[in-house]
Structures are given as C-alpha cells and as structure tokens.
Colleague: 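Here it is, the structure, as structure tokens.
Note that the structure is a prediction, hence the values are computed from the model and not measured. Within every chain, numbering begins at 1; the chains are lettered A, B, ... in the order of the sequence lines, protein sequences first and strands thereafter.
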Amino acid sequence: MINVKENEQLNVLNHSCAHLMAQAVKRLYPKAMFWVGPVINEGFYYDIDLGEDVIREEDFPKIEAEMKKISKDGKRISREELTKDQALEMFSDDPYKIDLISQMDGDNVVISAYRQGEFVDLCRGPHVETVKQLKFFKLLKVSGAYWKGDASNKMLQRVYGICFENQADLDTHLFMLEEAKKRDHKKLGRELDLFMMSEYGPGFPFWLPKGMLLRKTLENFWYEVHTKEGYDFVQTPIMLNQQLWEVSGHWFNYRENMYTSEIDDKMFAIKPMNCPGGMLVYKNGLHSYKDLPWRVGELGLVHRHEASGALNGLFRVRNFTQDDAHIFMTEEQIESEVVRLIQFIDRVYSMFNLSYTIELSTRPEEKYIGSIEVWDKSEAALEKACAAAGKKCKINPGDGAFYGPKLDFHIQDSLGRVWQCGTIQLDMNLPERFDLTYVDRDGEKKRPVMLHRVIFGSVERFIGILIEHFAGAFPLWLAPVQVKILPVNAEFHLGYCENLKTRLMEEGIRVEIDDRNEKLGYRLREAQMHKIPVQWVVGDGEIANNEVNVRRYGKNESRTVNADEAFAKLAKEIKNRSL
RNA sequence: GCCGGCUUAGCUCAACUGGCAGAGCAACUGAUUUGUAAUCAGUAGGUUGUAGGUUCGAGUCCUAUAGCCGGCACCA
C-alpha cells in the first residue's frame, strides 16, 4: 500500500488537498472551525469543530462535489507571512488559531498562512501552486478525535481523505482498500471456521476446530524452534495474589486493567503479564553463573481489561497468549544474546515470508528507573547487537519502557501494512524488585540482567495478521486441512481414498475425504473456496495405476502422478515448511 | 471510555414516504452416481440484538441498553 507521507510529491498534494477539503467544509458548514490538517501515511485528515453539526459519511459526496467546484475555479494558492500580532488579528475570532499562534515561540516569529480564494489557514506549507492540481481525491472516513490528542479535551471531528496525481493511481489505491477488506481476518475467520466471538464474552475469542489446528501447528512450530534454540519451558499460574502484584508494581500501575477476584478473603488478580510468575520460577532455586544465560519460554495466557472501544477481532482482545520468554544473564552476555535473538527472530519471520524493520526505543525523558550510565550502556549494547547481526535499526528517542530500552520488530505483510510484533526488552526493574541473584565465579551473589522477549507478540493477533497476509490461503504446513481427497464416485472409489487417508494421517498430515453425494465440480469448488492447499481426485484411472490426480489451491490445472510420489512430495513440502 | 455508523434466517442481503417479514447460498429430505469452480425437486428455518415507548398498526419513528465496525484515547 502506498505511503503518502514518504512520497514528497504526494505529501504536498495531500497537504493542499486537506486545505481544499477545509475550504469546502467551511462553505457548507459556515460555523466550522479548524484545528490541524496534516498528511499521514494513508493520506490526509483535518480536525474540525462543527459545533452542533455533524459530518457523516453520507455527506461526503456533497463535500467532494464542493471540492471539485473549488478545484475547477482554479484559484492560486498563495503564501503570506505575518507577524504574531498580525496573525492574532487575522484570526481573532478563532480560538483554535489563537491557541496555535500563542504556542509559537518568540514575539518576532514569522508565521505563514496560505490563502486560496476566500479561504485562509495557518500553515508551514509547502503547497501546490493552484487548487486546479487537486483533482483526484476521495474522502475516506470520519471519526471523532480528541483536541490535541488529549482524552480530557473535547472531541473534534476528523475527516480523512487521500489525493493522487491521476485517476489511475486513485483507482489502484481504492482497489487495494477493497482487497484489504476482502482479507479482513474477522470475515475470513468466519468463512474458514477458524474462530468466533460471542457477545457473552466481548474480546474473548473462541477457537473453532479448524482454527485450533492452525493454532496448534503454530504453537508446535514455536516449541520446536525454541527447543533447538536452547530454551526451557514453564507454565505459570493464571492467577496470583495481590502481594505478588504489589512486588511487581502492577498493582499500583495497572490495577484498573486487571481482573481481580477474592479467594478466602484474599485479593487475587488474573495475570496481565507472565513476568512476575517467571520471577518466582527463577527464585525457586540458586543459580550459578555457569547456568547463564537461562532462557525460559512460556506460551502464557494473559488477561487485560482493554477499553471496550479498543477491541478489534483478534487484533485487540481481552485475553491472549504471549509467546513469552525471559532470559536471565550476566551484563557481559547482553550483546551476544541479543545478536542471537535477532537472528532467531529473523529465521522465524522468514518462515512466513514476512519482512521487517527494527526500531530501538531509548530512555524516556522523565519517567525511568535506574542510572543514566546503565541506560546508556544497555542502549549501546542493543544498538551494537543490531549492527553485529547485520541489521539496521531506527532510533525512537525516549520511547523505551520506564524499566529499560527495547528493540521492536515491525513486520510488513503482503499488502505492505506494518504491524509491531516482536520485541526485545531489557528490564532493569524486576530483577531488583524480586531480588534476583546468581552466584558468580568469585562466590559472590550478583544481580542478573533480564530481558523479556516475544516473537509473535500475541499468538491470537499474529494469527490474525497471518490470515490477512495469506488472505486465508495458508502455506501447506500451516493449513488447517492440508489435503482434500475427492472420489469421483463415492460408491466405487471410496475404499482407495480411505487407504490414502489412513496413510496420510499416519504421517500426521491433516486430511479430509469429501464423499458427499455431489458432483465432482461442486466438491472441488468448495475445496477451493475453503482454500485447501491440495486436492487429490481419484477415479477409475487413478486406482488402476496407483495414481492420484493432484490439484493445488488457486491453480486451474491438475496433474496425474504416482500416488507414492505425490505422497513423498507432500511430506517433504510439509517438513520443509515451504511457502 | 469518547465520536459516528451498523445490528433482519447459520452466511450474504431485500422489504417505497410506518401497512401481510422475503431471496440466494448453507442445512435437511428425496431423486440423481457424478472426471476438475455450483444437478434437479421439495422441506424446514424469524419474538427483525435486547427492554421500553409513540401509533389503529413498528423491521421502519423515539428512549435506553448490549454487541459489532471505523477512528480517537489507551496498549505494562
């Protein structure tokens, strides 16, 4: 999907289009007052105060028509430079502009405004020369948005749109949006019987048999690669008492987002994170420097009371499974361990054909714990590890957690959308709070360094991303049903099919026979619509020669091959986890 | 939580300004025994999300509420 913000020409075009929209809105809603109208990756928006009035999507054609009219009139867009006083004078009846102007530093600051016809707005620019250049645009959505992004402020109306240089680009973009809609994991999840939601448990997904197969395959893969990577595995309780959450600090910081319950007069909370339980596991025994780094993995089910409006399919839920691990180590081991982790994560993402970028988030300006010296050292270690692993990393200054810096992995799906999934976080807080130690070479007890890390992030969300990434057509190794066997005539060919099925099942291959009383074309169509990767058709010809007729998902062709060869090829493809 | 929208059969959607709740697919039954994306016929399926209200009459209008969707805020 196109990124408007990063394309210089489109950036300017969309910025000007935001002004064009504002002008049209002002004509149709004379009471409208405007806050800001920036360019974003997906186009532009404008935050508007309409008083009692409301803009709805059904009003878009009207606004777009007015925009077209203004564009046709072809007024030039001109820049004016003002002093602070002049600007205040010019916008004296607009509290939003006054707020903007008074925020500008110094009394001698030069303020620029852009004018097109009767419409003028404060703006740094640049803009296109004339509104005539703004022809190929579309308003996309409208929503509420807090003034200055602060939930305690009033809500303005935010209208989104996008503008291109020609009709073809606009059409392509709108087509892509339609494509994305077709891939919606909530829609595909229903069509492919993967999961369901119920109003009896908002935000708590139900996994259906087909989805469970997908999920278990993914989890088995996770255990397999982590075992090879030297991880141990644990499972910590879902529920622990208040005292533990006080030690971890969650009771004070996140209590309103935790589900609590009283047991025998004591307060308990359902875990919103796995770490405190992990700390207790570490403290269960003594640790020698010889045992470090200790990598402890847990597919841990956590519950968080997310705001109702935040819920969104599998992307944002109230219970989810983190593919968590805590790694305990000495300070000297940070860099080599993180290099190893980056390489590990790289291998995992490549299994799904997902590319990614890494971002390093550093010490927050104000809220942080620990000494600046340790922070600097940790940040340097993470950055060095990235370089050593041969990866670039973008730096997000001040975006780290209060307890440590982190590396975030942003994956890019097949539509070019970006999702933050993996993260590697150094934690200087919990080892202290839980008084973790190891016995060093010199016999002294020392404080280990700990890092949290996830690769999928949330198993549920990752599956949602995979559904959209693959448009529901999973690679063979992941597909809930891998092979559909279709007897041409169930009466005569079923026995042979059942032998094939038994043989596939013995190898752990997920297979179904469709022997319903329907024509082959009907059953084949259904198998294709369920995006089953492989269909084997069996009739008289195949049985006579120990063959199967193989058809793949999405291919409008089939090949008749020896059954043993088909079997071997399938097994190999699954074993290799081919894409 | 906030702003806006939506909610009709398992799914996708109809039902003019308030006037007899309907179709396709799926399901079920029967016929058909099928060779690469839909065989034919029939049957059943609904307190129109829920609770109130207005009206002779409500899927349609009003109020409340739940859930969902698009954003905002939040995301340890």
Colleague: Would you find more than 12 non-hydrogen atoms of other residues, nucleotides or ligands less than 6.0 Å from A:Q420 atom CD?
Modeller: yes
Colleague: Can you see if the side chain of A:R56 gets near the phosphate of B:G5 - specifically, an N or O under 4.0 Å from OP1 or OP2?
Modeller: yes
Colleague: For the side chain of A:R190, starting at C-beta, report the closest nucleotide among B:C11, B:C68, B:A37.
Modeller: B:C11
Colleague: Which nucleotide wins on minimum distance to the side chain of A:V537, given the candidates B:U36, B:A73, B:U33?
Modeller: B:U36
Colleague: According to the Watson-Crick and G-U wobble definitions, with both distances under 3.5 Å, which nucleotide is paired to B:C20?
Modeller: none
Colleague: Within the 4.0 Å heavy-atom criterion, would you say A:M155 contacts the bases, only the backbone, or no part of the nucleic acid?
Modeller: base
Colleague: Return the value, rounded to whole Å, for the distance between atom CG of A:D540 and atom C1' of B:U36.
Modeller: 15 Å
Colleague: From the options B:A37, B:G71, B:C74, select the nucleotide whose nearest atom is closest to the side chain of A:R316.
Modeller: B:C74
Colleague: Which base sits across from B:A41 as a Watson-Crick or G-U pair, both distances under 3.5 Å?
Modeller: B:U29
Colleague: Does B:A14 have a Watson-Crick or wobble partner in any strand here, with both distances under 3.5 angstrom, and which is it?
Modeller: none
Colleague: Output yes when a side-chain donor or acceptor of A:H530 lies under 3.5 Å from a complementary backbone atom of A:E526, and no otherwise.
Modeller: yes
Colleague: Can you tell me the distance, in whole Å, between the CZ atom of A:R318 and the C1' atom of B:C75?
Modeller: 13 Å
Colleague: Does a nitrogen or oxygen in the side chain of A:R551 sit under 4.0 Å from OP1 or OP2 of B:A37?
Modeller: yes
Colleague: Please give the nucleotide sitting opposite B:C61 as a Watson-Crick or G-U wobble pair, both distances under 3.5 Å, or none.
Modeller: B:G53
Colleague: Do A:I358 and A:D408 touch side chain to side chain, with heavy atoms closer than 4.5 Å?
Modeller: no
Colleague: Expressed as a whole number of Å, how far does the C1' atom of B:U7 sit from that of B:G42?
Modeller: 32 Å
Colleague: Using the side-chain heavy atoms of A:H250, tell me which of these nucleotides is nearest: B:A76, B:U36, B:G67.
Modeller: B:A76
Colleague: Watson-Crick or G-U wobble partner for B:C6, using a 3.5 Å limit on both distances?
Modeller: B:G67
Colleague: Going by heavy atoms in the side chains, are A:N546 and A:N562 under 4.5 Å from each other?
Modeller: yes
Colleague: Please report the distance, rounded to the nearest Å, between CD in A:E58 and C1' in B:G70.
Modeller: 15 Å
Colleague: How far, in whole Å, is B:U60 from B:C3 if one measures between their C1' atoms?
Modeller: 25 Å
Colleague: Round to a whole Å and report the spacing from CG of A:L524 to P of B:U39.
Modeller: 12 Å
Colleague: Nearest 0.5 Å please: distance from the CD1 atom of A:I485 over to the CD atom of A:E498.
Modeller: 9.5 Å
Colleague: Nearest to the side chain of A:N312, which nucleotide is it out of B:G35, B:C72, B:G70?
Modeller: B:G70
Colleague: Specify the separation, in whole Å, of atom CZ of A:F206 and atom P of B:G67.
Modeller: 14 Å
Colleague: In whole Å, what is the span from the CZ atom of A:F195 to the C1' atom of B:C68?
Modeller: 13 Å
Colleague: Taking only the C1' atom of each, what is the distance from B:U17 to B:A23 in whole angstrom?
Modeller: 24 Å
Colleague: Going by modelled atom types, is there a donor-acceptor pair between the base of B:U36 and the side chain of A:N556 at under 3.5 Å?
Modeller: no
Colleague: Between A:E191 (CD) and B:A26 (C1'), how many Å, whole number?
Modeller: 13 Å
Colleague: Please report the distance, rounded to the nearest Å, between CG in A:L139 and P in B:G71.
Modeller: 16 Å
Colleague: For B:C13 and B:G59, measure between their C1' atoms and round to the nearest Å.
Modeller: 14 Å
Colleague: Do A:K141's NZ or CZ and the ring of A:Y160 fall within the cation-pi criteria of under 6.0 Å and 45°?
Modeller: yes
Colleague: OP1, OP2 of B:A37 versus side-chain N and O of A:K531: anything below 4.0 Å?
Modeller: no
Colleague: Run through A:F462, A:F315, A:F456 and flag the one making a ring pair (Phe, Tyr, Trp, His ring centres under 6.0 Å) with A:W419.
Modeller: A:F315
Colleague: From the set B:A73, B:A76, B:G70, return the single nucleotide nearest to any side-chain atom of A:K141.
Modeller: B:G70
Colleague: Students often get this wrong, so: under 4.0 angstrom with heavy atoms, is A:G541 touching a base, only sugar-phosphate, or nothing?
Modeller: base
Colleague: Name the closest nucleotide to the A:Y522 side chain, picking from B:A37, B:G35, B:A38.
Modeller: B:A38
Colleague: Any strand counts, and the cut-off is 3.5 Å on both contacts for Watson-Crick or G-U wobble. Which nucleotide pairs with B:C72?
Modeller: B:G1
Colleague: Identify whether any heavy atom of A:G457 sits under 4.0 Å from a base atom; if not, whether one sits that close to sugar-phosphate; answer base, sugar-phosphate or nothing.
Modeller: nothing
Colleague: Please give the distance between the C1' atoms of B:G5 and B:G49 as a whole number of Å.
Modeller: 16 Å
Colleague: Between B:C2, B:A76, B:C74, spot the one nearest the side chain of A:R304, thanks.
Modeller: B:A76
